[in-house]
Amino acid sequence: MNMDLQMEQKRLDNVMDTITAEIGRLEEETATRKSEVIHIRKHFWEEVKVNTDTFDDFLETIIGLRQEAQALSVNQSIHKHASTRLSTLRRMEEVPFFGRIDFLEKGDSAPEQIYIGISSLSDNNGENFLIYDWRAPISSVYYDYQPGHASYETPEGKIEGTLEKKWQYLIRNGALQSMFDTSLTIGDEILKQVLGKGTDKQMHNIVATIQQEQNRIIRHDQGRLLIVHGAAGSGKTSAALQRIAYLLYKYREHLDADQVILFSPNNMFSSYVSNVLPELGEENMQQVTFQKYLDHRLSKEFKVENPYNQLEYVLTAEKTPAYKTRLASIRFKATIQFFKVLQSYRKSLEESGMLFKDISFRGQPIVTAQQMSDRFYSHDTSLRFHNRLEKLTDWLMNKIKAAKKIERTKPWVQEEIELLSNEDYHKAHAYLAKKRGFKKEDIADYELEPKVLAQLIVHQKWKPLGKRIRSLQFLDLKGIYKQLFANPAQINDWAGEDSPTELESICQATQAKIDEDVLLYEDATPFLLLKELIQGFQTNSAIKHIVVDEAQDYSPFQFEFLKLLFPSARMTVLGDFNQAIFAHASERVDFHTLTNLYGPDKTESINIARSYRSTKPIIEFTRRLVPNGESIIPFDRPGKSPKLKQVVDHTELHSCITSKIADLKKLGYHSIAIICKSAEESIRAYESLSEEVKLLKSNSIEYEQGVVVIPSYLSKGIEFDAVILYDASEQVYGDESLRRVFYTACTRAMHYLQLYSVGEPSSFLQDVLREGFVEHSEV
């Protein structure tokens, strides 16, 4: 071992001793705090003397309660903080630090050695930093500069100086294996080692290998919206999660993990990235799919189609008669023009068109829809729309109140009293006695009058009615949305030149689906927007940051909706337009349209061209599949060229795939994906292959290891050691609109890509075959 390595190992041993001592101290503290929390919870009421005889006694009781609650809160908070720190230190036991810079600050005589790891660590006295957190201001020098002049920003201003040296360390379980002097970039050697490993069940965040352009994303801190457009495998998601970790660290006094939401493409992807923030020593943020949010808000009223069923239709139903209309409908309802149509429609409802539902009790109408409409359009029309709704609600509550009084005298009430069981009668008696101030021991003295019991029964029966009125369930929102499509000419006027030629058939098809209580995916966000515009927006001001991953899957309409939904949030949007595979993703829907969301002065766009996921031969192949693919820069990691085998029929195909899986397993690949165009094709493949293969569906929760069959659109965002493209034939991938689906499937492969074609290969492969970027294989 050379002198440098010996000295570094000695320092590492010292750091390991400090970490071990700190872990021991924190284990003791968390155990103590835990037992204190349990004790306080167990004996909470014993510690507080509850006395309400006089005001002073009452005040003393309140103060006692507050003190006990405060003690519990403080202990819980300290326990939580210590537990979080403990889990971070346990991760640091494996790799305490991964980098070092020797930085000479302007005006100093000697450089300072700054060691960088996933969290900061001080010496036993707490006077000197042994390790700096990768998110600390000075650590940015490690990611952004070559030796020479360097600077970094601090809250007090810019610090200038000279970066004299930059080192990278490979440490495993507290032992220093190697160190590199990385003069130009963060060491490609370590990056190659990291990328050369097989994938496991979860995404890992390698902060040691953050590249300069990723660092820009992580530390970006201006404006309302950051748009990150990056090639497949460029580390967009990883950088975004590290960005969240950075923001939680920088604004730890004002920002909590539960004030951040990540909109994931699907549940499986959520499980795939779930460990990243904990790995960086941060709590996990909220993760949700946009579909889950829609279901939460709409599933009581409709059967809501999910985006994958919509895409499955687009990929498999091209020969059906309604296909052209449905495609036009999907595209139109994704536009900002349609967003404006709904705003215009809601404005028109101030004059006419609001629909209501009768309010009935025991089959008898109390207030009819017509009476509500007359009231809404004849009273207080100078008031704002929402104030008019409030007034209508108050009027309805008064009507209910009056009707309730009459109801008490009706025969059904007496019948209900007679049918009461002894148990229910005693419950009602005790409840009413308590209400009238009788103490527990005196309840038997209370004489229950029939009139009072009748009041209680009517009140209980009418309670749900009041609840429905306060939650505006008397509005016929379904009817109001359907009514919009009864007048194509009016939509045409509001939409202007962007109105589709198929508008009339779109309107008929939409009305038919609503009559079936089905809300197609393209109608879900528009319906919810209309609901919000009428009832008043359920905004969420507590959320301070939202991250939208796979942003090319969202429509401009949905982005406008998210902006209204989270008015206090800053937004990070990540995507790759080459993977825009949803039906609304026409050429017009580009990331440039997002710039108008908050305006160019509040928006910044960062483009990452370098792709790290796949080997160089795979990227050289995939980048030739899409327009402007020449701008994608492959990371220089060697590997085998993609292979193509043409087979006669599906019998030969399944035989080849079975054989190929066995070969890939021998080569040590853990995650192997057989990627099909659609779920329909996936089921066919799954049923024909061996039992060891798992089928992943749109409702799959867990990202599975091993050999999986998966539709193209579910594989987005996930990477596999080896990918088998099930059938790359002209028959399956013959339409130009499928180019991005094909590209997305191929870019999932890290180390090995095998394509099969039943018959003539897709025209997408003509150029790469001619240029030699894909080889013919035997199996």
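Phe263 and Tyr554 have perpendicular rings, their planes meeting at more than 60° on a 0 to 90° scale where under 30° would count as parallel.
Residues satisfying the ring-ring contact (aromatic ring centres under 6.0 Å, His included) test with Tyr743, not counting sequence neighbours, are none. Qualifying salt bridge (Lys or Arg N to Asp or Glu O under 4.0 Å) partners for Lys531, counting only residues two or more places apart in sequence or in other chains: Glu301. Under the rule for a ring-ring contact (aromatic ring centres under 6.0 Å, His included), Tyr251 has no partner lying at least two apart in sequence or in another chain. Not counting sequence neighbours, Tyr598 has no partner by the ring-ring contact (aromatic ring centres under 6.0 Å, His included) test. Applying the side chain to side chain donor-acceptor pair (under 3.5 Å) criterion to Asp523, with sequence neighbours excluded, gives Lys333, Tyr481. Arg388 meets the salt bridge (Lys or Arg N to Asp or Glu O under 4.0 Å) test with no other residue; sequence neighbours excluded. Applying the side-chain contact (heavy atoms from CB on, under 4.5 Å) criterion to Ser541, with sequence neighbours excluded, gives Thr539, Pro567, Ser568. A search for salt bridge (Lys or Arg N to Asp or Glu O under 4.0 Å) contacts involving Glu532 returns Arg297, not counting sequence neighbours. For Phe332, the ring-ring contact (aromatic ring centres under 6.0 Å, His included) test picks out Phe338, with sequence neighbours left out.
Asp295 and Gln291 share a donor-acceptor pair across their side chains, judged by distance under 3.5 Å alone. Asp374 and Gln371 form no side-chain donor-acceptor contact under 3.5 Å, judged by distance and modelled atom types alone. Under 3.5 Å, the side chains of Glu312 and Tyr713 contain a donor-acceptor pair of N or O atoms. A donor-acceptor contact closer than 3.5 angstrom is absent between the side chains of Glu502 and Thr325. A donor-acceptor contact under 3.5 angstrom links the side chains of Thr237 and Asp549, judged on distance only. A donor-acceptor pair shorter than 3.5 Å can be found between the side chains of Asp735 and Ser737. For the residue pair Thr572 / His545, a side-chain donor-acceptor distance below 3.5 Å is found, with atom types taken as modelled.
Taking a cutoff of 4.0 Å between a charged side-chain nitrogen and a carboxylate oxygen, Glu736 and Arg739 qualify as a salt bridge. A salt bridge links Glu604 with Arg216: the closest approach of a Lys/Arg side-chain nitrogen to an acidic carboxylate oxygen falls below 4.0 angstrom. A salt bridge links Glu350 with Arg346: at least one charged nitrogen is closer than 4.0 Å to a carboxylate oxygen.
The salt bridge (charged side-chain N to carboxylate O under 4.0 Å, His left out) analysis of residues 241-257, with sequence neighbours excluded, yields the pairs Asp221-Lys250. Note on residues 504-522: pairs passing salt bridge (charged side-chain N to carboxylate O under 4.0 Å, His left out), not counting sequence neighbours, are Arg326-Glu522, Lys478-Asp517, Lys482-Asp515, Lys513-Glu516.
No donor-acceptor distance shorter than 3.5 angstrom exists from the side chain of Gln310 to the backbone of Tyr521, with no hydrogens or angles considered. A distance-only check finds a donor-acceptor pair linking the side chain of Arg135 to the backbone of Ala245 [under 3.5 Å].
In this structure, the separation between CD1 on Ile218 and CG on Leu247 is 10.5 Å, given to the nearest 0.5 Å. From Arg224, atom CZ reaches atom OG1 of Thr603 across 9.5 Å, with rounding to the nearest 0.5 Å. Ser712 contributes atom OG, which lies 6.0 Å from atom CG of Leu315 (distance to the nearest 0.5 angstrom).
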**Request:** Start with the C-alpha distance between Leu477 and Gln535, add both sets of side-chain angles, then the distance that settles side-chain contact (heavy atoms from CB on, under 4.5 Å), and finish with yes or no.
**Result:** CA-CA 10 Å; Leu477 292 165; Gln535 294 185 347; 3.3 Å; yes
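Ile469 and Met397 make their closest contact through CG2-SD, 3.7 Å (heavy atoms, listed as atom of the first residue, atom of the second, distance). The minimum heavy-atom distance between Leu696 and Pro711, with the atom names listed, is O-CD, 3.4 Å. Here the shortest heavy-atom pairing between Leu294 and Ala524 reads CD1-CB, 3.8 Å. Across Tyr308 and Pro265, no two heavy atoms sit closer than the pair OH-O, 2.7 Å. The shortest non-hydrogen separation linking Leu562 to Met571 is CB-CE, 4.3 Å.
Few gaps surround NZ on Lys357; more than 12 heavy atoms of other groups in view lie less than 6.0 Å from it. Dense packing is recorded around NZ of Lys563, with more than 12 heavy atoms of other residues, nucleotides or ligands lying under 6.0 Å away.
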Distance-only donor-acceptor hits, side chain of residues 484-492, under 3.5 Å, sequence neighbours excluded:
from	atom 1	to	atom 2	distance (Å)
Asn487	OD1	Gln490	N	3.2
Asn492	OD1	Ser499	OG	2.6

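Taking 4.5 Å as the limit, every side-chain heavy atom of Phe557 sits out of range of all side-chain heavy atoms of Ile336.
Checked against the 6.0 Å centroid threshold, Phe339 and Phe561 do not count as a close aromatic pair.
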